[in-house]
Asks: 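Sharing a structure here in C-alpha cells format.
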Amino acid sequence: MAGADGAFRATRILAGAVEAFAGQVYFAPEAHAGYHELGFSGSPAVAGGVAMPDMHAYFCSRCAILGQVPGEVVASAFAVFNPAIVVPAVEHGWTLTTAATIMAARDAAAVGQLRRILGDNPDGAVELADLLGPVSGSLPVAGRPLYAGLMGADVPDDPLSAAWRFADRLREFRGDAHTAAWTSAGYSAVEIGLMTELYWGLRSKSYVRTRGWSDAELDAGISGLQNRGLIDGGALTERGRQEREAIEVRTDEQCAPILDSLGDDFEKAVALLRRFSDAVREAHGYPAAGPHDLAALHA
C-alpha cells in the first residue's frame, strides 16, 4: 500500500508540474488576440494579473482537436461545464471560424507565449521533448476523447513546441481519466464541481460558477449532497472527503502508465516542467494560485 500511495502522489506531482506549462494557452495574450481576429471577444476579465479566457473561444479552441463537432459532443468531452452554455457557444463559434483555423491559432498562441517568456530555445527544451514524446504517445486512447484527439495533431519540429504538445497530451489524458473516475462513481457535473471546490479549500459556489451553473442548479446540487451526508455547513463531511479523495485515487490509478513509461526519468521530467511552469506563472502567463484566482472572480 505504501508503494501505491507513493505512486499516486507521484502522478499528482507530475500533473502539478505539467499544469502551467501546458495550460498557459488558455490565458496567453497571444491567444486572446488571435481569437479576436477570428471574431471572438477578447479577454473578459483579469485576475491576479492574468487575462482570463473568452469562453466561446475557449470551448472552440480546445475542442478543435475533435474536429468541427456539435456542441453536445463538446459538452460531453468537457463534462464539468453546463451544456446550456457550451452548446450555444460552440454553435456560435463555428459561425466565426473552422476547427482547423482556430486550432492553428491555438498552437501558435501557446508557443508564442512560451517563446516570449522562456526564449526561442530555452535550456532543457530538447531534453523535455525527448522525455515526454514517447510517454505521451504510448497511452491508451479508450475513453480518452481529448487525449485521443491530440494524438492526431501534428508534432512541431522545434523542441519547445514539441514539448508543449506532449505536455498538453498528458494534461488532457489526466483530465479524461478524472472524468471517467467521477462519472463512474455516480456524481453529476454539478455535484463534482461543488465537492471539488470544497476539497480544494475554496468557498462553496465560487469556482464552480466558472462552469456555467445557475444558483438554482447549485442549490439543488448542495441539497442532494447534504441529503447523502457528503457536505454539511458549507464543508465536506468526513465521508464526503473520503469519497472525493477516492475519485482522485481512481484518477491516479489510470495515470500509472505515465509513471511506468517515464521510469527513472521521472524526477528529471518534473524538474524541467516545474522550471518552465514557474517561469510562466511569474510572467503572469497562468494564474499563480490556479483555481483560487478563478474563484476570486466570483467571490
Side-chain angles (χ1 to χ4, degrees), residues 9-34 43 46-53 58 61-62 65 103-139 146-147 150-151 153-175 255 258-259 261-294:
R9 283 194 296 273
T11 66
R12 299 182 201 188
I13 288 170
L14 181 63
V18 163
E19 181 59 26
F21 178 64
Q24 53 82 26
V25 65
Y26 302 114
F27 306 94
E30 291 86 347
H32 304 322
S43 174
V46 174
V50 180
M52 297 294 110
Y58 167 81
S61 63
R62 187 180 174 202
I65 57 173
M103 184 169 178
R106 178 183 189 267
D107 289 353
V111 179
Q113 169 155 264
L114 289 176
R115 286 175 176 157
R116 172 170 52 81
I117 295 171
L118 302 173
D120 289 339
N121 188 23
D123 181 48
V126 173
E127 187 174 19
L128 184 60
D130 288 344
L131 289 172
L132 299 188
V135 178
S136 72
S138 65
L139 303 172
L146 295 173
Y147 168 73
L150 280 172
M151 289 296 291
D154 292 338
V155 176
D157 291 331
D158 74 278
L160 183 60
S161 301
W164 173 75
R165 173 73 80 213
F166 300 147
D168 198 26
R169 286 180 184 173
L170 295 180
R171 184 179 186 272
E172 294 291 24
F173 184 88
R174 187 175 180 93
C255 292
I258 299 174
L259 301 184
S261 185
L262 277 173
D264 293 339
D265 290 326
F266 172 80
E267 295 291 348
K268 188 183 301 180
V270 166
L272 289 168
L273 285 164
R274 278 178 170 166
R275 175 153 59 84
F276 289 162
S277 283
D278 287 349
V280 168
R281 288 190 176 94
E282 289 170 6
H284 303 293
Y286 184 91
H292 291 72
D293 281 339
L294 299 180

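FYI, the numbering just counts along the sequence from 1.
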Asks: How close do M52 and S43 get, heavy atom to heavy atom, and via which atoms?
Replies: O-OG, 2.5 Å

Asks: Under the rule for salt bridge (Lys or Arg N to Asp or Glu O under 4.0 Å), what residues qualify as partners of E127, not counting sequence neighbours?
Replies: K268

Asks: Which distance, rounded to the nearest 0.5 Å, do you find between the CG of L160 and the CG of L114?
Replies: 5.0 Å

Asks: Nearest 0.5 Å, please: how far is OH in Y26 from OG in S61?
Replies: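 Separation between the atoms: 6.5 Å.
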
Asks: Sorted by first residue and then second, give each salt bridge (charged side-chain N to carboxylate O under 4.0 Å, His left out) pair with at least one member in residues 107-125; sequence neighbours left out.
Replies: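 Output for this query lists E30-R116, D107-R165, R115-D158.
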
Asks: With sequence neighbours left out, what residues match L128 under side-chain contact (heavy atoms from CB on, under 4.5 Å)?
Replies: F21, L132, A163, L272, L273, F276

Asks: Would you mind reporting whether F173 and L146 have side-chain heavy atoms less than 4.5 Å apart?
Replies: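 No, their side chains stay 4.5 Å or more apart.
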
Asks: For a quick test of reading the model, state the closest non-hydrogen atom pair linking A31 to V25 and the distance between them.
Replies: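 Looking at all heavy atoms of both residues, the shortest contact is CB-O, 3.5 Å.
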
Asks: Restricting to ring pair (Phe, Tyr, Trp, His ring centres under 6.0 Å), what partner residues turn up for F266, sequence neighbours left out?
Replies: none

Asks: Considering all heavy atoms of both residues, which atom of L118 and which atom of A279 are nearest to each other, and what is their separation?
Replies: CD2-CB, 3.6 Å

Asks: When you measure from the side chain of Q24 to the backbone N and O of Q113, does any donor-acceptor pair fall under 3.5 Å?
Replies: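 Flag not set: sc Q24 to bb Q113 has no pair under 3.5 Å.
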
Asks: Can you list the residues that meet the side-chain contact (heavy atoms from CB on, under 4.5 Å) rule with R12, with sequence neighbours excluded?
Replies: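 With neighbours one apart ignored, the set is R174, Y199, E245, E248, V249, D252.
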
Asks: Please list, chain by chain and in numerical order, all residues satisfying side-chain hydrogen bond (donor to acceptor under 3.5 Å, both in side chains) with R275, sequence neighbours excluded.
Replies: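 side-chain hydrogen bond (donor to acceptor under 3.5 Å, both in side chains) list for R275, sorted by chain: empty.
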
Asks: Can you tell me if S277 uses its side chain to pair, donor with acceptor, with the backbone of A17 under 3.5 Å?
Replies: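 Yes: the side chain of S277 pairs with the backbone of A17.
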
Asks: Under the 3.5 angstrom rule, does the side chain of S261 hit a backbone N or O of I258 as a donor-acceptor pair?
Replies: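 The answer is no, because no donor-acceptor pair under 3.5 Å joins these two groups.
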
Asks: Between atom CZ of R169 and atom OH of Y147, what is the distance when rounded to the nearest 0.5 Å?
Replies: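 These two atoms lie 6.5 Å from each other.
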
Asks: Taking only residues two or more places apart in sequence or in another chain, which ones pass side-chain hydrogen bond (donor to acceptor under 3.5 Å, both in side chains) with R281?
Replies: none

Asks: Which heavy-atom pair separates P122 from G119 by the least distance, and what is that distance?
Replies: CD-O, 3.3 Å

Asks: Quick one: closest heavy-atom pair of F27 and G285, and the distance?
Replies: CB-O, 3.5 Å

Asks: Got a second to check how far R171's CZ is from L14's CG, nearest 0.5 Å?
Replies: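 So the CZ of R171 and the CG of L14 are separated by 13.0 Å.
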
Asks: Ring pair (Phe, Tyr, Trp, His ring centres under 6.0 Å) with F166: which residues, sequence neighbours excluded?
Replies: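 Ring pair (Phe, Tyr, Trp, His ring centres under 6.0 Å) check on F166 returns nothing, list empty.
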
Asks: Can you see which heavy atom on A129 is nearest to which on P159, and at what distance?
Replies: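 In this case the closest contact between A129 and P159 is CB-O, 3.7 Å.
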
Asks: Listed by chain and number, what are the salt bridge (Lys or Arg N to Asp or Glu O under 4.0 Å) partners of R106, not counting sequence neighbours?
Replies: D168

Asks: Determine, step by step, whether V46 and H284 satisfy the side-chain contact (heavy atoms from CB on, under 4.5 Å) criterion, reporting the C-alpha distance in whole Å, the side-chain angles of both residues, the deciding distance to 0.1 Å, and the verdict.
Replies: CA-CA 10 Å; V46 174; H284 303 293; over 6 Å; no

Asks: Any side-chain to backbone donor/acceptor pair from W164 onto A110? Under 3.5 Å, distance only.
Replies: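 No, the answer is negative, given that no donor and acceptor are paired below the 3.5 Å cut-off.
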
